[in-house]
*Asks:* 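Here it is, the structure, as structure tokens.
Below, chain A is the first sequence line, B the second, and so on; all start at residue 1. Side chains included, hydrogens not; waters and symmetry mates left out as well; all remaining heavy atoms used. No experiment lies behind these values; they were computed from the predicted model shown.
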Protein chains: 2
Amino acid sequence: MVTTLSQVAEKAGVSVSVASRSLNGHAKAYRISDATASRVKEAADQLGFRPSQTARSLRLKKTGLVGVVVPDLSNPFFASISQSIALSAEAEGYSVIVADSREQTEHEIRLLHQLEDRQVEALVVCPVGTESKHLQEINKRGTPVVLADRTFPNCNLAQVTSEHRVGAAKATRLLTAQGHRVIGVLQGLPGTLPNEQRLSGHAEALEEIGVAFDPSLTMGNNFTEASGFDSAKKLLVDRPDITAFFAFSTPNAMGALRAAMESSRLVPDDLSIVAFDDCPYADLMSVPLTTVRQDVDRIGQLAAELALRAAVGSTSRKRKRRHDVKTRVIVRNSISSVRHS
Amino acid sequence: MVTTLSQVAEKAGVSVSVASRSLNGHAKAYRISDATASRVKEAADQLGFRPSQTARSLRLKKTGLVGVVVPDLSNPFFASISQSIALSAEAEGYSVIVADSREQTEHEIRLLHQLEDRQVEALVVCPVGTESKHLQEINKRGTPVVLADRTFPNCNLAQVTSEHRVGAAKATRLLTAQGHRVIGVLQGLPGTLPNEQRLSGHAEALEEIGVAFDPSLTMGNNFTEASGFDSAKKLLVDRPDITAFFAFSTPNAMGALRAAMESSRLVPDDLSIVAFDDCPYADLMSVPLTTVRQDVDRIGQLAAELALRAAVGSTSRKRKRRHDVKTRVIVRNSISSVRHS
DNA sequence: TCCTCGTGCACAAACGATTGTGCTAGACTA
DNA sequence: TAGTCTAGCACAATCGTTTGTGCACGAGGA
């Protein structure tokens, strides 16, 4: 069914070594006559020869594979990152294996090992949880690991993420500029760098106007809609003086929206909302969300670049191993100024 | 760095064949003493031995890879399909390589060949365009191809798609039940089976109430937002008597929504909309869309199942090679009854 | 005529696994 | 004691490439 190099060689009346070199353009270097080389090529064409990537991988110790592990592929954010990684990788002749860790460290570890066994040349991981030990080990064992989006403090792995601190400060300033002083924060997963940096950016922006950061205004344990909903509900009763929410993810914001509806608080009249993370059709939402958009494509592209660079073993360690990509504020209609009562 | 079987064998003081058989549980069958077998296992553990999948693939002619080609991974619909394929495949010990054809046949073909060269054991394709020749050829060459979502009429490839005709009829009936008689259809890519079957389902539902299908009410050339927007705009001026739109995709519907806003037609008061395809947060949209939801997870799961079954070469041709998964109507708030003027 | 040299290839060893078969030494039988 | 059997392993081929090296043959110079 599939034709092998030796069949090509036989048909051309040469040895496999000559066939291989002819087809790989090494003819000159190995003193193979033009006549022979073209005879081989013709034979290859006629037989529809396609070299086995598996065999080459084994021989060359190069699989041309990149592994991508995300927590939830159905989440547009991760889907977009995967897409842009896939496109970048493909441009360099690589293919990507994507794996979905279902937000569980346990799965993440299993999948990572599976990919390691498949000898992917690099891994791009949007990690789950707050542990990076397993990732460091893999990196140490020889498969370069690049962290995307969810990175860790004090972690020497290559990483690319958004300018969370700056972005969060921008978001907060949108609120404070409208007079908001009591701002509820619907946070994501505590302990992750994005979350911590956003908190710190938020506090920073508050400080600028002389407001102290109040930890009791922060709630949430995940980037999910459920966490956003629960936290918002709780905060709305605990702190009735809250005039605005800063949600750390789109799902968090959606949860907040639902909570506001259930509590019959009108957005943006009774309650302003700003969210980190944009989402498709955010402008067509019942309340068009003002958001801090991350440049997903750029994140994916940079991650792919770092990964591939590491894969080919560019020893130039001078290369930046850490990238923070800029965010952009998208002003829509979920913020109003506080009413003076 | 990475340890090979022969290193394990050496450490255990046995030959590679014994080492291989011990680790693969073939000890008994090949009369290897328990003592030796456990000695090998211990050595493997100590060295952290992980067999090279590349080598096994070559020897066993089984890569454990499934290829998935979608037109646009950032589209939640395809992202979800990919996810559910990935999960199903993973459960069977397979990994999936995803490739994004950017809605272009040219890319699709290139990617498919790349995957073929990598010797994926099966392909799941959401094809672009209306040509299936290249897919049939691949299938004939030995890599089983399963079509998902976008299938073709008169195509003997395995395929899984939604019950487009039934779903479209349901959607149309939602409108006719409210008295709508002049319904604009924002179609997707003409010539694809989903599109044609939806059209036919639509016509069928009209016929039930004695309304003739009017082709001039149908516009559009793609499943994109742009197509939806342009078609809606045009139809709104060409046919001011239109009281409702049936959009063949979520992006189509979003385009219609925007067109309605620009033409200052209120939805649902002045204009009803129903869409095929659900999307996350559809209920939180400015007008909560009534939709015919496809069971994306089931589609992906079935596709993966067909693909893997074909991969292991189950010769039982009795198996259904074609699946139509049911759709479900999600009633929200984008439809109102026609006003009697 | 003999030696040298370059051209044009073929041979064979990898890569790291799996697997059919062959070999040896001890136990057992007669 | 000689012959048979079997447990317990090692050898070697194989999957399809790539690549270092060796060999033969003809041309050219002295």
*Asks:* D:dC9 phosphate, OP1 or OP2: any side-chain N/O from B:T36 under 4.0 angstrom?
*Replies:* yes

*Asks:* Between P on D:dT17 and CZ on A:R50, what's the gap in Å once rounded to a whole number?
*Replies:* 12 Å

*Asks:* Is it the case that atom CD in A:E137 sees more than 12 heavy atoms from other parts of the structure closer than 6.0 Å?
*Replies:* yes

*Asks:* Check the phosphate of C:dG16 against A:K61, side-chain N and O only, distance under 4.0 Å to OP1 or OP2. Yes or no?
*Replies:* yes

*Asks:* Which nucleotide in the list D:dA12, C:dA17, D:dC9 gets nearest to the side chain of B:V18?
*Replies:* D:dC9

*Asks:* What's the CG-P distance between A:L58 and D:dT17, to the nearest Å?
*Replies:* 12 Å

*Asks:* Report the distance from atom CD of B:E10 to atom P of D:dA10, rounded to the nearest whole Å.
*Replies:* 12 Å

*Asks:* Is B:S52 close enough to C:dG16 that one of its side-chain N or O atoms is under 4.0 Å from OP1 or OP2 there?
*Replies:* no

*Asks:* Record whether the side chain of B:R59 comes under 3.5 Å of the base of C:dG20 through a donor-acceptor pair of N or O atoms.
*Replies:* no

*Asks:* Look at the side chain of A:R21 against the base of D:dG20 and say whether a donor-acceptor pair falls under 3.5 Å; ignore hydrogens and angles.
*Replies:* yes

*Asks:* Taking everything shown except A:E10 itself, do over 12 heavy atoms lie less than 6.0 Å from its CD?
*Replies:* no

*Asks:* To the nearest Å, how far apart are B:L47 CG and C:dG16 C1'?
*Replies:* 15 Å

*Asks:* Side chain of B:Y30: nearest nucleotide among C:dG16, C:dT19, C:dT18?
*Replies:* C:dT19

*Asks:* Mind calculating the distance between CD1 (B:I32) and C1' (D:dT6) to the nearest angstrom?
*Replies:* 15 Å

*Asks:* Would you say B:R56 places a side-chain N or O within less than 4.0 Å of OP1 or OP2 belonging to C:dT18?
*Replies:* yes

*Asks:* Once you apply a heavy-atom cut-off of 4.0 Å, does A:T4 come out as touching a base, just sugar-phosphate, or nothing?
*Replies:* sugar-phosphate

*Asks:* Roughly how many Å is it from CG in A:L60 to C1' in C:dG16, rounded to a whole number?
*Replies:* 14 Å

*Asks:* Spell out, as yes or no, whether a donor-acceptor pair under 3.5 Å connects the side chain of A:S132 to the backbone of A:L135.
*Replies:* no

*Asks:* How many Å lie between CD on A:Q119 and P on C:dA17, as a whole number?
*Replies:* 8 Å

*Asks:* Between C:dT19, D:dG16, C:dG8, which nucleotide has the shortest distance from any of its atoms to the side chain of A:S33?
*Replies:* C:dG8

*Asks:* Check every strand shown and say whether A:S17 touches a base, only sugar-phosphate, or nothing at a heavy-atom separation below 4.0 Å.
*Replies:* base

*Asks:* Starting the side chain at C-beta, find the nucleotide from D:dT19, C:dT19, C:dA17 nearest to B:H26.
*Replies:* C:dT19

*Asks:* Among C:dG20, D:dA12, C:dG22, find the nucleotide with the atom closest to the side chain of B:R31.
*Replies:* C:dG22

*Asks:* Just wondering, are more than 12 heavy atoms of other shown residues or ligands nearer than 6.0 Å to CD in A:Q7?
*Replies:* yes

*Asks:* Using whole Å, what does the distance between atom C1' of nucleotide D:dC15 and atom CG of A:L5 come to?
*Replies:* 13 Å

*Asks:* Restricting to non-hydrogen atoms, name the atom on B:N156 and the atom on B:Q136 that form the minimum distance, rounded to 0.1 Å.
*Replies:* OD1-OE1, 2.8 Å

*Asks:* Does A:Q104 have more than 12 heavy atoms from other residues, nucleotides or ligands lying within 6.0 Å of its CD?
*Replies:* yes

